[in-house]
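Here is the structure we will look at, set down as C-alpha cells.
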Amino acid sequence: RKLFHQFLNCELKTDEQGNTKKQILSIGAGFDTTYFQLQDEGKAPYLYVELDFKEVTSKKAALIETCSQLRDKVSETASISQCKGEVLSDHYKLLPVDLRDLQKLDDIVTLANIDPSLPTFVIAECVLIYLDPDSSHDIVRWASKTFSTAVFFLYEQIHPDDAFGQQMIRNLEVLLFLFASKRKKIDLAMIEKVPLIYLFFMTISQGMRMVMI
Ligand SMILES: C[S@@+](CC[C@H](N)C(=O)[O-])C[C@H]1O[C@@H](n2cnc3c(N)ncnc32)[C@H](O)[C@@H]1O
C-alpha cells in the first residue's frame, strides 16, 4: 500500500491542466476493490485497468452494475456488460483475459486505451502463483517490453518450509480438496519453486529491483 501511494503521490509528467497522468494495471484483479477506495479518497489515477478470467469479470461487472456504491464510482456513461464481462468507462476498465495469452494482452492495451508511455504501476497480487513459471516469466517480460516507465509489483505467498508456510499449504490443500470433486486436480507446484514467503518484486523500465520482507 505504501509503495502504491508513493507512486500515486509522486509528480512526474503533467498534462495541460497540470495533472500527472498515471495508470494502474491490476492483473488477476479478482474482486479487489482498490479502485473504488481510491475514488473515495479522491486519489484515483487517470486510468485503472483490471484483468481477470471472464468467469470472474462477469461476476464483478454484475456487482458493479447492481451495487450503487460501486456504480456511482464509474462514470454515468460507462458501458457495463455482464455477458462480455466488461466495464468500459473513461477512467476505469474491467476486461476479461487469460493472462497467459500475450497477444490478447497486447490487444487489451489498445482496447483499454492504455498509453505505454505513461508511468504505469502493474499489480500482481497473489496471481502468478497460479501460473507455471514460464507463463509468469512471459508476463513480467511482456510488461517490461510494453511500458517505458513502469513498476511491476508482485505480492506473493512463497517459502513453504517454515511454520507459517506449512500452515498456509495445509489451508490451501483443504480448499483444493473441496474443489477437487468439481474440478480437475490442481497442485501447488509453483509454491515449491519459490524461495521466500512474501516478496515485493519491482521492475522499473528495463531494469529490475527487488525488495524482500
Ligand atoms: C487469489 S486471487 C487474487 C485476487 C486479487 N489480486 C487480490 O489480491 O485480491 C487470484 C486471481 O487471479 C486470477 N487468475 C489466475 N490465473 C489467471 C489467468 N491465467 N488469467 C487471468 N486471471 C487469472 C484468478 O481468477 C483470481 O481472481
Side-chain angles (χ1 to χ4, degrees), residues 1-5 7 23-40 45 48-64 67 70 82 84-87 92-109 111-112 114 120-143 146 151-160 164-165 167-180 182-191 193-194 197-202 213:
R1 258 325 130 118
K2 199 174 159 198
L3 287 169
F4 193 70
H5 280 103
F7 170 79
Q23 304 170 140
I24 294 176
L25 173 63
S26 175
I27 60 174
F31 293 93
D32 183 60
T33 53
T34 300
Y35 171 74
F36 302 92
Q37 290 165 27
L38 289 174
Q39 276 284 350
D40 271 343
Y48 198 110
V49 179
E50 297 190 307
L51 308 177
D52 209 300
F53 285 126
K54 191 173 168 200
E55 289 82 353
V56 175
T57 59
S58 292
K59 289 191 183 123
K60 193 165 185 174
L63 287 170
I64 293 170
C67 172
L70 303 177
Q82 298 181 27
K84 291 185 188 164
E86 275 181 13
V87 176
Y92 172 78
K93 326 258 181 200
L94 171 69
L95 289 163
V97 72
D98 182 334
L99 298 167
R100 292 165 295 188
D101 187 340
L102 299 185
Q103 179 56 54
K104 287 262 165 57
L105 283 180
D106 280 336
D107 297 344
I108 292 275
V109 170
L111 185 62
I114 295 173
T120 305
F121 194 96
V122 183
I123 310 173
E125 184 174 347
C126 301
V127 177
L128 298 189
I129 202 87
Y130 295 97
L131 306 181
D132 62 85
D134 286 346
S135 301
S136 296
H137 290 160
D138 288 347
I139 290 168
V140 175
R141 199 174 301 120
W142 172 84
T146 302
V151 174
F152 193 102
F153 176 87
L154 176 71
Y155 186 66
E156 208 60 84
Q157 312 98 316
I158 43 181
H159 204 9
F164 183 87
Q167 185 59 48
M168 182 185 74
I169 286 182
R170 278 195 289 277
N171 293 346
L172 285 171
E173 278 170 352
V174 170
L175 284 175
L176 294 181
F177 176 77
L178 295 174
F179 270 115
K182 290 188 180 168
R183 299 170 75 148
K184 68 183 166 82
K185 188 176 178 309
I186 310 164
D187 65 39
L188 297 173
M190 187 62 189
I191 289 182
K193 295 192 170 91
V194 194
I197 267 281
Y198 283 105
L199 170 95
F200 290 103
F201 173 96
M202 304 160 66
I213 56 165

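Just follow the structure's listing: the first ligand is 1, and inside any ligand the first atom is 1.
- Atom 23 (C) of ligand 1 has its closest protein heavy atom at F53 CE1, 3.5 Å.
- Residue V56 touches ligand 1 through its side chain alone, judged by heavy-atom distances below 4.0 Å.
- Here the protein heavy atom with the shortest distance to atom 5 (C) of ligand 1 is A29 O, 3.2 Å.
- The structure places CG of L102 at 8.5 Å from CH2 of W142, a figure rounded to the nearest 0.5 Å.
- Of the protein's non-hydrogen atoms, the one nearest atom 20 (N) of ligand 1 is L99 N, 2.9 Å.
- For the atom pair OG1 of T120 and CD1 of I114, the computed distance is 7.5 Å after rounding to the nearest 0.5 Å.
- The residues D138 and R141 are annotated as salt-bridged, a charged nitrogen and a carboxylate oxygen being separated by less than 4.0 angstrom.
- Taking every heavy atom of C126 and a limit of under 4.0 angstrom, the matching atoms of ligand 1 come to 1 (C), 2 (S), 3 (C), 10 (C).
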- request: Any chance you could lay out the side chain to side chain contact (heavy atoms under 4.5 Å, CB included) test for I24 and F4, step after step, and finish with the verdict?
  value: CA-CA 9 Å; I24 294 176; F4 193 70; 3.4 Å; yes
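- Considering all non-hydrogen atoms of both residues, L51 and V97 come closest at CB-CG1, 3.8 Å.
- Close approach of ligand 1 to L131 is summarised as follows: ligand atoms under 4.0 Å from at least one heavy atom of the residue are 16 (N), 19 (N).
- Under a 4.0 Å criterion applied to the non-hydrogen atoms of D98, ligand 1 contributes the atoms 18 (C), 19 (N), 20 (N).
- Distance from atom 4 (C) of ligand 1 to its nearest protein heavy atom, with residue and atom name: G28 O, 3.4 Å.
- Here CG of L131 is found 5.0 Å from CD1 of I139. Values are rounded to the nearest 0.5 Å.
- At a 4.0 Å heavy-atom cut-off, ligand 1 does not touch S135 at all.
- By the neighbour-count criterion of 12 heavy atoms within 6.0 Å, atom NE2 of H137 is sparsely surrounded, having that number or fewer from other residues, nucleotides or ligands.
- Looking at atom 9 (O) of ligand 1, its nearest protein heavy atom turns out to be D32 CB, 4.1 Å.
- Only the side chain of Y130 comes within 4.0 Å of ligand 1, counting heavy atoms alone; its backbone N, CA, C and O stay farther away.
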task: Any chance you could lay out the side chain to side chain contact (heavy atoms under 4.5 Å, CB included) test for D52 and F31, step after step, and finish with the verdict?
output: CA-CA 10 Å; D52 209 300; F31 293 93; over 6 Å; no
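- Contact between V97 and ligand 1 is present, with at least one heavy atom of the residue lying under 4.0 Å from the ligand.
- Set against the non-hydrogen atoms of R100, the atoms of ligand 1 under 4.0 Å away are 19 (N).
- Contact atoms of ligand 1 toward E125: 3 (C), 5 (C), 6 (N), 8 (O) (distance under 4.0 Å to a heavy atom of the residue).
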- prompt: Can Y92 and L38 be said to form a side chain to side chain contact (heavy atoms under 4.5 Å, CB included), step by step?
  reply: CA-CA 12 Å; Y92 172 78; L38 289 174; over 6 Å; no
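- Side chains of S26 and E50: no donor on one and acceptor on the other come within 3.5 Å.
- For atom 24 (C) of ligand 1, the closest non-hydrogen atom of the protein is D52 OD1, 3.4 Å.
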